[in-house]
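Report on the structure given below.
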Amino acid sequence: MEQGCCTIKTLTHIPKTHPRLESLLVRERLVKGFECGLVAVEGLLAEGRGEAFDYLLGEKTSRAARKATRVAAAQLLLAKRPVISVNGNTAALCAKDVVNLAKVANAGIEVNLFYANKKRKQNIALVLKKNGATQVLGTGKKMKQLPGIDSSRRMVDKDGIFSADVVVVSLEDGDRTLALKKSGKNVITFDLNPMSRTATSADITIVDNITRAISLLAEYCKKMSGNSTKSLEGIVNKFDNKKNLADSIIEIRKHLARRARIA
Ligand code: ATP
Ligand code: MG
């Protein structure tokens, strides 16, 4: 791994006044992540798909996303063995936030890749550790096979995703979301596309950019950590993911209508 890559410091030449500064910085982080062996080249394309949906959403956290994030926090606090699944993009974009979320939600962290590669897994684990993770699952020998999936994502840690009750996934492929569901897991996902297979098959879909939503999720976990089990269950049981996805699509439509008026 390239020297100094673990912290992915952005030595940018992008002027602070640039109107698309945030988005350009995210791209820079991913390119840097690719160059230092964290991100797969396909991960850059996946970000592109996400960016397109973020543009349609107005690049802000919608009311529907905020609602799903609060419900996700309740679900995480209720979980007995929650695990956050991390891929290259997530590590490059928000390793520190992943570690913080794991702390406040008392969750495990596991590296799990679609385009598997031992070196890349180790690089991701290293970045997470440099950002404060004490244990990173998914890189050892105690791996088990998740049934109903053919990609390399089927190999999961016996002490991690394999025995988890709640799994947080991001920038995820639909196949594994469905396999996790079939294995009886409760799935929380960050996915900017409210129509993807992941978004429509997860239990709680946060239709927002992970770079915005992950710290919000950690904040909700902190805020709600004193809530009673009954009140947390009430929040989760009232939630309808399909309805919330529909609300996200409506938010896109509203945003497009506003743009059409000023175009
Ligand atoms: P699916 O397999 O679930 O049907 P897909 O094949 O359309 O989805 P993938 O490439 O498998 O898409 O997964 C990438 C997903 O991650 C996309 O839905 C994309 O919108 C989403 N995504 C990309 N970047 C981000 C981001 N920064 N934050 C949240 N979601 C993102
Ligand atoms: Mg896919």
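Computed over heavy atoms, backbone and side chain alike; hydrogens, waters and symmetry mates excluded. Note that ligands are numbered from 1 as they come in the structure, with each ligand's atoms numbered from 1 the same way.
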Report the member of [options] with the shortest heavy-atom distance to [atom].
| atom | options | answer |
| --- | --- | --- |
| atom 23 (C) of ligand 1 | S201, A199, A46, S170 | A46 |
| atom 28 (N) of ligand 1 | I210, D173, I214 | I210 |
| atom 8 (O) of ligand 1 | G48, S196, C94, A52 | S196 |
| atom 9 (P) of ligand 1 | M195, R176, R49, E51 | R49 |

Check V187 against A202 and note the closest heavy-atom contact, atom names and distance.
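Looks like O-CB, 3.7 Å.
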Looking at every non-hydrogen atom in both residues, tell me the closest pair between F162 and K144 and how far apart they are.
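Scanning both residues, the minimum pair turns out to be CD1-CB, 3.5 Å.
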Okay, side chain of [X], backbone of [Y]: is any donor-acceptor separation there less than 3.5 Å?
| X | Y | value |
| --- | --- | --- |
| S201 | R197 | yes |
| T205 | A199 | yes |
| N131 | V127 | yes |
| K121 | G138 | yes |

Does the salt bridge (Lys or Arg N to Asp or Glu O under 4.0 Å) test come out yes or no for R66 and D208, once each step is laid out?
CA-CA 9 Å; R66 194 171 282 276; D208 198 5; over 6 Å; no
Give the numbers and elements of all ligand 1 atoms closer than 4.0 Å to a heavy atom of [X].
| X | answer |
| --- | --- |
| G50 | 19 (C), 20 (O), 22 (N), 23 (C), 24 (N) |
| N193 | 18 (O), 20 (O) |
| D208 | 28 (N), 29 (C) |
| T198 | 3 (O) |

Taken in chain and number order and not counting sequence neighbours, the residues that satisfy side-chain contact (heavy atoms from CB on, under 4.5 Å) with S62 are A64, A65, E251
Pairs where residues 71-81 contributes a residue and the test side chain to side chain donor-acceptor pair (under 3.5 Å) is met, not counting sequence neighbours:
Q75-N186
Not counting sequence neighbours, list each pair that qualifies as a side chain to side chain donor-acceptor pair (under 3.5 Å) and has a residue in residues 158-169.
K142-D159
Min heavy-atom dist T211 to ligand 1 below 4.0 Å
no
Are any of the heavy atoms in E42 under 4.0 Å away from ligand 1?
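E42: no contact with ligand 1 (<4.0 Å).
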Between ligand 1 and [X], is the shortest N or O to N or O distance under 3.5 Å?
| X | value |
| --- | --- |
| D175 | no |
| L171 | no |
| F53 | no |

Measure the distance from [atom] to every protein heavy atom, then report the residue, atom name and distance (to 0.1 Å) of the closest one.
| atom | value |
| --- | --- |
| atom 13 (O) of ligand 1 | E172 O, 3.3 Å |
| atom 21 (C) of ligand 1 | D191 OD1, 3.5 Å |
| atom 30 (N) of ligand 1 | L192 N, 3.2 Å |
| atom 1 (P) of ligand 1 | G174 N, 3.5 Å |
| atom 27 (N) of ligand 1 | N209 OD1, 2.9 Å |
| atom 4 (O) of ligand 1 | R197 N, 2.9 Å |

Walk me through it: do K185 and D203 pass the test salt bridge (Lys or Arg N to Asp or Glu O under 4.0 Å)?
CA-CA 9 Å; K185 318 282 178 200; D203 296 279; over 6 Å; no
With salt bridge (charged side-chain N to carboxylate O under 4.0 Å, His left out) as the test, pick out the partner of D54 among R212, R49, K60.
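That would be R212.
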S170 and T90: side-chain donor and acceptor closer than 3.5 Å?
yes
Test side-chain contact (heavy atoms from CB on, under 4.5 Å) applied to T229 and L78, step by step
CA-CA 7 Å; T229 301; L78 285 168; 3.7 Å; yes
Do E22 and T211 have side chains that get closer than 4.5 Å, going by heavy atoms?
no
Check for me: within less than 2.8 Å of the Mg ion (ligand 2), which protein N/O/S atoms show up?
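Those protein N, O or S atoms (cut-off: under 2.8 Å from the Mg ion (ligand 2)) are D173 OD1.
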